[in-house]
Protein chains: 2
Amino acid sequence: MTPSTETPKLTKNQTLVYKALKSAEEPLSAYSILDQLRDDGFRAPLQVYRALDKLIEFGLIHRLESINSFVACRHPDCGTHEMVAFAICESCNRVIEITDDAMASNLASLARDNGFSVSRSTIELRGLCDACRVH
Amino acid sequence: MTPSTETPKLTKNQTLVYKALKSAEEPLSAYSILDQLRDDGFRAPLQVYRALDKLIEFGLIHRLESINSFVACRHPDCGTHEMVAFAICESCNRVIEITDDAMASNLASLARDNGFSVSRSTIELRGLCDACRVH
DNA sequence: CTCCAAAACGTTATGTTATTACATCCGTTG
DNA sequence: CAACGGATGTAATAACATAACGTTTTGGAG
Ligand SMILES: [Zn+2]
Ligand SMILES: [Zn+2]
Ligand SMILES: [Zn+2]
Ligand SMILES: [Zn+2]
């Protein structure tokens, strides 16, 4: 959740995985990334998972828990927000990143009212984007 | 997300799985439930997954996406709320269910502002419960 | 009660997602 | 050069989830 502030000098594998995610319209699973990168020499899941871990650490990509997939960050300043919500369209699979400081502080204080101190959050909304809703 | 309104007359397998979850302090994975129920005749994952699906449909249990586990509902009236947030303690693993109509409508309208229409939500907060925070 | 259809169940096999373990490579530093 | 840490390659395995198929149970309709 809290991305590192270091300059992300990416390695070869990290670059390949990041490019795959950046050029995808939808979130990708680790294994579909692996399939895409066979020609680039990827042979095993671990090559993908290791790169994914680093990219998440750098704040360049996000993991979507509810669909076991990964997406490139397209939000201007994710790093400056405590919580990010992801709206995942069930028709076109595209993802919208939503940040809102009021929402974040409301949710955190709601948790605190319930005797809980939040360190990281998973907020994933499923439904339809406007483009898909009008058919 | 929208639980059925039918009277949940549980079958034998559903009852066993539900009891396992109700008597657990923490969320359980499908396979740990399977292990617990070996002596009751459970032999295959599908017996567990089928029961879990029905129990979710009845609104008796919840699935926690971020930890691939399941927990018995302990909220008085989950069924009357659109969204439920789960606070999962990273120390004791206990789960607190949180509902708040203002939070739900804020999140839904925030999504709406971002061109998205929510049908169901996954809100999972990680951190420490008060009991664990004081050591 | 008998028959039927839907739901639940049992079992095997398979598909999908993620990690452990260990050896090797490679660039930086001293 | 030697030592070190980070990154990589590879194989094996663990953990999570579903497909496919046949049988059994259950709850009405007649
Ligand atoms: Zn982002
Ligand atoms: Zn869409
Ligand atoms: Zn509940
Ligand atoms: Zn705790």
Side-chain angles (χ1 to χ4, degrees), chain A residues 4-21 24 26-58 60-71 88 93 122 124 126, chain B residues 3-21 24 26-71 88 93 122 124 126:
Chain A
S4 123
T5 57
E6 311 167 23
T7 308
K9 172 72 175 77
L10 302 186
T11 67
K12 177 165 156 285
N13 284 2
Q14 288 160 15
T15 303
L16 287 165
V17 169
Y18 187 44
K19 277 186 184 167
L21 285 171
E26 325 173 3
L28 301 177
S29 74
Y31 278 76
S32 77
I33 294 170
L34 175 58
D35 286 342
Q36 282 191 28
L37 298 179
R38 297 269 181 211
D39 295 344
D40 297 291
F42 275 54
R43 316 287 302 149
L46 207 49
Q47 296 175 283
V48 178
Y49 282 108
R50 286 201 277 229
L52 289 170
D53 285 347
K54 283 298 179 186
L55 293 169
I56 289 170
E57 193 181 318
F58 297 152
L60 293 173
I61 68 170
H62 300 290
R63 173 185 192 121
L64 300 175
E65 308 275 6
S66 65
I67 54 174
N68 293 321
S69 294
F70 303 83
V71 69
I88 307 167
N93 296 321
T122 296
E124 299 176 16
R126 318 296 299 275
Chain B
S4 124
T5 57
E6 310 167 26
T7 309
K9 174 71 175 76
L10 301 186
T11 68
K12 177 163 156 288
N13 285 2
Q14 288 159 17
T15 303
L16 287 165
V17 170
Y18 187 45
K19 277 185 183 168
L21 286 171
E26 324 173 4
L28 301 177
S29 74
Y31 276 73
S32 76
I33 294 171
L34 175 58
D35 285 342
Q36 282 191 28
L37 297 180
R38 297 268 181 211
D39 294 343
D40 297 291
F42 275 53
R43 317 292 300 152
L46 209 50
Q47 296 175 281
V48 178
Y49 282 108
R50 286 202 275 230
L52 289 170
D53 284 347
K54 282 299 178 184
L55 293 169
I56 289 170
E57 192 182 319
F58 297 153
L60 293 174
I61 68 171
H62 301 290
R63 173 184 192 124
L64 300 175
E65 308 276 6
S66 65
I67 54 174
N68 293 323
S69 294
F70 303 83
V71 68
I88 307 166
N93 296 321
T122 296
E124 298 176 17
R126 319 295 300 275

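Order of the sequence lines sets the chain letters (A, B, ...), proteins ahead of strands, with each chain counted from 1.
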Atom-to-atom span, [atom1] of [X] to [atom2] of [N] - whole angstrom:
X	N	atom1	atom2	value
Leu10(B)	dA7(C)	CG	P	17 Å
Lys12(A)	dG27(C)	NZ	C1'	16 Å
Asp53(B)	dT18(D)	CG	P	7 Å
Leu37(A)	dT8(D)	CG	P	13 Å
Ile67(B)	dA18(C)	CD1	C1'	16 Å
Asn68(A)	dT16(C)	CG	P	13 Å
Ile33(B)	dA15(D)	CD1	P	16 Å
Glu57(B)	dA7(C)	CD	C1'	11 Å

Show your reasoning for whether side-chain contact (heavy atoms from CB on, under 4.5 Å) applies to Tyr31(A) and Val48(A).
CA-CA 8 Å; Tyr31(A) 278 76; Val48(A) 178; over 6 Å; no
Terminal axis angle for the helix from dC1(C)-dG30(D) to dG30(C)-dC1(D), five pairs an end, nearest 10 degrees
20°
[options]: which one has an atom nearest the side-chain heavy atoms of [X]?
X	options	answer
Gln14(B)	dC16(D), dC9(C), dA18(C)	dC9(C)
Thr11(A)	dT10(D), dT8(D), dT11(C)	dT8(D)
Pro45(B)	dT18(D), dT8(D), dA11(D)	dT18(D)

Do you know which of Leu21(B), Val17(B), Leu16(B), Thr15(B) makes side-chain contact (heavy atoms from CB on, under 4.5 Å) with Lys19(B)?
Thr15(B)
May I ask whether Tyr31(A) stacks on the base of dT16(C), given the cut-offs of 5.5 Å between ring centres and 30° between planes?
no
Grab the two heavy atoms, one from Gln14(B) and one from Phe58(B), that are nearest each other, plus how far apart they are.
OE1-CE1, 3.8 Å
Is Gln47(A) near enough to dG9(D) that one of its side-chain N or O atoms lies under 4.0 angstrom from OP1 or OP2?
yes
Think Lys54(A) has a side-chain N or O under 4.0 angstrom from the OP1 or OP2 of dA7(D)?
yes
Can a donor-acceptor pair under 3.5 Å be found between the side-chain atoms of Arg50(A) and the base atoms of dG9(D)?
yes
d(Ile67(A) CD1, Asn93(A) CG) to nearest 0.5 Å is 7.0 Å
Which distance, rounded to the nearest 0.5 Å, do you find between the CG of Leu60(A) and the CG of Leu52(A)?
11.5 Å
Would a 4.5 Å heavy-atom cut-off, applied to side chains only, mark Thr11(A) and Lys54(A) as touching?
no
Should the pair Glu65(A)-Arg63(A) be classified as a salt bridge under the 4.0 Å nitrogen-to-oxygen rule?
yes
If you find the nucleotide of DNA chain D closest to Leu46(B) and the one closest to Ser69(B), which residue's nucleotide is nearer the 5' end?
Ser69(B)
